[in-house]
Undergrad: 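Below is one structure. I have some questions about it.
As the structure is a prediction and not an experimental result, all values here were calculated from the model. Sequence lines set the chain letters: A, B, ... in the order given, protein chains first and strands last, and positions in each chain run from 1.
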Number of protein chains: 2
Amino acid sequence: MATIAEQSAELRMATFRLARRLRAQKADQALSDAQFAVLGVLYRHGGTRTLTELAEQEQVSAPSMNRTVNCLEESGYLVRTADEVDRRKSNISLTDAGRDVVKATITKRDAWLTTRLRELSKEDRATLARAAELMGGIITQ
Amino acid sequence: MATIAEQSAELRMATFRLARRLRAQKADQALSDAQFAVLGVLYRHGGTRTLTELAEQEQVSAPSMNRTVNCLEESGYLVRTADEVDRRKSNISLTDAGRDVVKATITKRDAWLTTRLRELSKEDRATLARAAELMGGIITQ
DNA sequence: TATTGTTATACTCTATAACTATA
DNA sequence: TATAGTTATAGAGTATAACAATA
């Protein structure tokens, strides 16, 4: 029986390796991780977000986020719209192309993982499903 | 009961979030992920590695790895030693400071995770331990 | 010729400092 | 005066192309 410290080390390594492997699966290879993370935030959020909100969410500086948003705007994945009430703000939202590339990437990542989960027993899949719940609980502490 | 596709999505999200949280824990905040990954390879490998080997292992170009190794050399975490047999090569190895920063970071990450695992039941810990094994199996396919 | 490592160049992501426009 | 966003500047990570030294 492994110690809790040993279990931690194993879980840490397995998590890093699986995350790395999943990250490699993307619909547009030209999209960086930082860029895709922004698209993902907008996709999950649904509506619009300001530059400051995106910077806080991703824990980067405003100028850094500004640059990333510029790239994504040039690529046609999002648009800025001037706020009618507070004219300092610009509301950032996904374009159809932006939504499509997020959906396609999620589909690709899940397809890769689903293929591998299918090869496992029902019990092993249940173990991973329960583990995902537990991992979620650990993070939100 | 969730579908396999739903289980995939949950596992994907939980993996990304836990990896992100773990990555944030490091002994030297000035070390980038790319830099720490190189130190980690050298630490796990034990002996020396050439620039080409490191570039292949991390799946980046040789010039890119050269730059990262330059930074780490300037920081005193690794050294280049000219190969006596094949004089084109330089053997890259960790310094004591390099080993120390890897050990300290691993300790910090595992301590964070161990604290959270201790709060779980024995059964939940066993589930996560088995999940780590399964995740390892998925990756090496 | 092929391999190992490096330099040159360019683009993205990161930061801080300083600036503009608006509240 | 404070806030939202941007520009200026600089350092790090990424790439490809071209080069020197060695095998």
Undergrad: In Å and rounded to the nearest 0.5 Å, what is the CD to NE2 distance from B:Gln57 to B:His45?
TA: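 It comes to 8.5 Å.
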Undergrad: Which one of B:Thr50, B:Asp86, B:Asp83 satisfies the side-chain hydrogen bond (donor to acceptor under 3.5 Å, both in side chains) criterion with B:Asn91?
TA: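 Filter result, single survivor: B:Asp83.
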Undergrad: How many Å lie between CG on B:Asp83 and C1' on C:dT6, as a whole number?
TA: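 That distance rounds to 17 Å.
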Undergrad: One pair to check against side-chain contact (heavy atoms from CB on, under 4.5 Å): A:Asp28 and A:Tyr77. What are the steps and the verdict?
TA: CA-CA 11 Å; A:Asp28 180 351; A:Tyr77 288 139; 2.7 Å; yes
Undergrad: Ignoring backbone atoms, establish whether A:Arg67 has a side-chain N or O less than 4.0 Å from OP1 or OP2 of D:dT9.
TA: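 For D:dT9, OP1/OP2 do not have a side-chain N/O of A:Arg67 under 4.0 Å.
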Undergrad: Would you tell me whether B:Thr114 and A:Ser8 have side-chain atoms, one donor and one acceptor, within less than 3.5 Å of each other?
TA: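 Judged by distance alone, the side chains do pair up.
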Undergrad: Please give, in whole Å, the distance from C:dG5 P to B:Glu56 CD?
TA: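 Going from B:Glu56 (CD) to C:dG5 (P), I get 10 Å.
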Undergrad: Under 4.0 Å between a side-chain N/O of B:Ser64 and OP1 or OP2 of D:dA15, yes or no?
TA: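 For B:Ser64, the contact criterion (side-chain N or O under 4.0 Å from OP1 or OP2 of D:dA15) is met.
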Undergrad: Considering just the side-chain nitrogens and oxygens of A:Thr68, establish if one lies under 4.0 Å of OP1 or OP2 belonging to C:dT14.
TA: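 Answer is yes, contact under 4.0 Å.
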Undergrad: Ignoring backbone atoms, test whether B:Ser32 places a side-chain nitrogen or oxygen under 4.0 Å from the OP1 or OP2 oxygen of D:dG13.
TA: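 Yes, within the criterion.
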Undergrad: Does the distance from a Lys or Arg side-chain N to an Asp or Glu carboxylate O, for B:Arg130 and B:Glu133, drop under 4.0 Å?
TA: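 Yes, B:Arg130 and B:Glu133 are salt-bridged.
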Undergrad: Does NZ or CZ of A:Arg23 come closer than 6.0 Å to the centre of the six-membered ring of A:Phe16, within 45° of the ring's axis?
TA: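 The answer is no; the distance or angle limit is not met.
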Undergrad: Counting side-chain heavy atoms from C-beta on, which of C:dT6, D:dA15, C:dA15 comes nearest to B:Leu51?
TA: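 Nearest to the side-chain atoms of B:Leu51, counting from C-beta on, is C:dT6.
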Undergrad: Applying side chain to side chain donor-acceptor pair (under 3.5 Å) as the test, list every pair that has at least one member in residues 60-69 of chain A; sequence neighbours left out.
TA: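 Passing the test, one end in residues 60-69 of chain A: A:Asn66-A:Arg80.
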Undergrad: Check this one for me: any side-chain N or O of A:Thr52 less than 4.0 Å away from OP1 or OP2 of D:dG5?
TA: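 Yes, within the criterion.
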Undergrad: Should the pair A:Arg20-B:Glu58 be classified as a salt bridge under the 4.0 Å nitrogen-to-oxygen rule?
TA: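 Here A:Arg20 pairs with B:Glu58 in a salt bridge, since their nearest N and O are under 4.0 Å apart.
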Undergrad: To the nearest Å, how far apart are B:Met65 CE and C:dT4 P?
TA: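 About 15 Å, once rounded to whole Å.
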Undergrad: Which pairs, protein N/O on one side and nucleotides 17-22 of chain D N/O on the other, fall under 3.5 Å?
TA:
none

Undergrad: Expressed in angstrom and rounded to an integer, what is the separation of B:Leu39 atom CG from D:dG13 atom C1'?
TA: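 My rounded result for the distance is 15 Å.
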Undergrad: In whole angstroms, how far is the P atom of C:dA8 from the CG atom of B:Asn70?
TA: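 So the CG-P distance, B:Asn70 to C:dA8, works out to 12 Å.
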Undergrad: Measure from CZ on B:Phe36 to C1' on D:dG13 and round the result to the nearest Å.
TA: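 About 18 Å, once rounded to whole Å.
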Undergrad: Once you round it to whole Å, what is the distance between P of D:dT14 and CD of A:Gln29?
TA: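 My rounded result for the distance is 15 Å.
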Undergrad: Roughly, in whole Å, what's the span from CG in B:Asp33 to P in C:dC13?
TA: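 The distance from CG of B:Asp33 to P of C:dC13 comes to 15 Å, rounded to the nearest Å.
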Undergrad: Look at A:Asn66 and D:dT6 and indicate whether a side-chain polar atom (N or O) is within less than 4.0 Å of OP1 or OP2.
TA: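 For A:Asn66, the contact criterion (side-chain N or O under 4.0 Å from OP1 or OP2 of D:dT6) is met.
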Undergrad: Report which part of the nucleic acid A:Ser61 touches: base, sugar-phosphate, or nothing (heavy-atom distance under 4.0 Å, all strands).
TA: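 Contact class for A:Ser61: base.
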Undergrad: Nearest heavy atom decides the nucleotide; on that basis, is B:Thr50 or A:Ala62 closer to the 5' end of DNA chain C?
TA: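 Mapping each residue to its closest nucleotide by heavy atoms, the 5'-most match is B:Thr50.
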Undergrad: Side-chain N or O of B:Arg80 versus OP1/OP2 of C:dT4: is the shortest distance under 4.0 Å?
TA: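 For C:dT4, OP1/OP2 do not have a side-chain N/O of B:Arg80 under 4.0 Å.
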Undergrad: Within the pair A:Gln35 and C:dT12, is there a side-chain N or O less than 4.0 Å away from OP1 or OP2?
TA: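 Checking A:Gln35 against C:dT12: no side-chain N or O falls below 4.0 Å of OP1 or OP2.
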